[in-house]
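We name chains A, B, ... by the order of the sequence lines, and we start the count at 1 in each one. This is a predicted model, so every value here is computed, not measured.
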2 protein chains.
Amino acid sequence: MNQSGESLRDRKKRQTRTALERATVRLAAERGYDNVTVEEIAAEADVSVRTFFNYFASKDEALIGADPEAGPRMAERILAFPGDVTPFDAYRRSVLAEITDELNNARDLWLLRKDVVMQRPDLLVRAFANSAESEQLLASAVAARAGLPESHLYPRLLVSAGSAAFRCAVTRWAADDSLALGDVVGEALDLFGAGLAHVPPYHHEGGTS
Amino acid sequence: MNQSGESLRDRKKRQTRTALERATVRLAAERGYDNVTVEEIAAEADVSVRTFFNYFASKDEALIGADPEAGPRMAERILAFPGDVTPFDAYRRSVLAEITDELNNARDLWLLRKDVVMQRPDLLVRAFANSAESEQLLASAVAARAGLPESHLYPRLLVSAGSAAFRCAVTRWAADDSLALGDVVGEALDLFGAGLAHVPPYHHEGGTS
DNA sequence: CTGCAAACTTGCAGTGACTGCAAAAAAGTC
DNA sequence: GACTTTTTTGCAGTCACTGCAAGTTTGCAG
């Protein structure tokens, strides 16, 4: 019964996973991240506490909705671009594509996460701390594309810059409703691309930049 | 009795603080970070567990030796440079100065921390997660110097890039004994300064870069 | 549809980080 | 030496997280 690629089991697993994720985000946004216990989250999703930890290694991970496939997916994307695309561009496009997908799939969740992040900005950093494994994958992909050894600083810096861009962008996005998250991330990556030695122009009071 | 600027009390506090820090790092390097309990650390430093938590908010903080004065100190340095120094250079120099000082004061600790980080790279990221407050200070200083509003992406990105540079540099430093940490951080910051769109040259097997 | 194996869920008991509180012990002051 | 302010400590409690050993559900073959 897996011609559709997804058995009953798989479907149920996906369901509990997203139920837990949504419960976590919803409750955290509603009454503050650390006023919510895993027990409450599990109850909300109608599973046992132990099951929560079968799906997520930590409360943090559930909040951010850590997707174990995101790393491999992005790495593949990076390598799939035609040869004349620079490593930076490949990485940049890959990140933006991922964000677009994510927002299309769960924009509502990100709106709630925004509230949580506004209360506790450190959560975003902490959540990214656990993705060292994925980052390693991305760094390898970048290294391959750039013709550099894995030990080189550049690939790791580029990937770190990516998550920094994302984190800063979320903060900025949270503060200004009128912006699209993808655009802000793109802008941040551009600053990294152009070099931080170059201070970007800023027109006081003149939003046509 | 505080003409020397430091009373008995202050001296003792400093002593317990560094004793706890050293105990944490030493034990963690010796037998692995999570095979060490706070109870053991406290015992090693001859204080109670409760006292440990009077000095450090978490085990992570003790491992990294989080210095609450580092943020203000660096911010001050950034603002103190003459006016013709660019924001990037001011930040860069400030970071390198801090690292130099730190290594001069506690090089042995950093050598041990290196071992711990090699076992668990995520600890470094997590440790930096709690410094959101300091980062805000630095970002403000950079913003002031760059003539940008605090809400602008640039200052935050520069500061994030700084910690990314530091984290990547430590990793690289841990893997190659022959390098000086300060140099690697400087190199990383230079890559950020020049722009990541530019892939650095790499001479296969020719260390004259 | 039955019986078996693999995957998933659950409860339970335990560890360890971390907190608030109130009392003991120093340290500084006069 | 009494008095105030800090610092240390013990204690009780909460909560995240883990390993283990059932119990339950799903997949599959006969």
task = Would you please confirm or rule out a distance under 4.0 Å between OP1 or OP2 of C:dA27 and any side-chain N or O of B:K12?
result = yes
query = Given D:dA16, C:dG11, C:dA17, which nucleotide is nearest the side-chain atoms of A:V38?
reply = D:dA16
message = Could you tell me if the side chain of B:T16 sits less than 4.5 Å from the side chain of B:D46, heavy atoms only?
response = no
task = Give a yes/no on whether any side-chain N or O of A:K13 is located under 4.0 angstrom from OP1 or OP2 of C:dA7.
result = no
ask   = Is the closest side-chain donor-acceptor distance between B:D176 and B:S178 under 3.5 Å?
value = yes
query = In whole angstroms, how far is the P atom of D:dG10 from the CZ atom of B:F53?
reply = 15 Å
query = Among D:dT9, D:dT18, D:dC17, which nucleotide sits nearest the side chain of A:R50?
reply = D:dT18
inquiry  = Categorize A:V49 for me: base, sugar-phosphate, or nothing, with a 4.0 angstrom heavy-atom threshold over every strand shown.
reply    = nothing
task = To the nearest Å, give me how far apart CD (B:E39) and C1' (C:dC18) are.
result = 13 Å
task = Take the protein atom CZ of B:R11 and the nucleotide atom P of C:dA26, then report the distance between them rounded to whole Å.
result = 17 Å
remark   = Considering only heavy side-chain atoms of A:K59, the closest of D:dT9, C:dT10, D:dA16 is D:dA16
key: Option among A:R31, A:R26, A:R22 that satisfies the salt bridge (Lys or Arg N to Asp or Glu O under 4.0 Å) test with A:E44   = A:R26
ask   = Just how far, in rounded Å, is C1' of C:dA17 from CG of B:L63?
value = 15 Å
Listed nucleotide nearest any side-chain atom of A:T37, set C:dC8, D:dC15, C:dA17 = D:dC15
note = Checking N1-N3 plus N6-O4 or O6-N4 for Watson-Crick, or N1-O2 and O6-N3 for wobble, each under 3.5 Å, the partner of C:dC8 is D:dG23
query = Does a side-chain N or O from B:S48 land closer than 4.0 Å to OP1 or OP2 of D:dT8, or not?
reply = no
remark   = From CG of B:D60 across to C1' of C:dG16 the rounded distance in Å is 14 Å
ask   = Any side-chain N or O of B:T51 less than 4.0 Å from the OP1 or OP2 oxygen of D:dT8?
value = no
request  = Report yes if the distance between the aromatic ring centroids of B:F166 and B:F128 is under 6.0 Å, otherwise no.
outcome  = yes
ask   = What is the nucleic acid contact for A:Y55, judged by heavy atoms within less than 4.0 Å: base, sugar-phosphate only, or nothing?
value = sugar-phosphate
key: Euclidean distance, atom CG of residue A:L20 to atom P of D:dC17 [Å, nearest integer]   = 13 Å
Nearest listed nucleotide, side chain of A:R9, among D:dC17, C:dA7, D:dT8 = C:dA7
ask   = Which nucleotide in the set D:dT25, C:dA27, D:dT9 lies at the smallest distance from any side-chain heavy atom of B:N54?
value = D:dT9
query = Any idea how B:F56 and B:F52 line up, ring-wise: parallel (<30°), tilted (30 to 60°), or perpendicular (>60°)?
reply = tilted
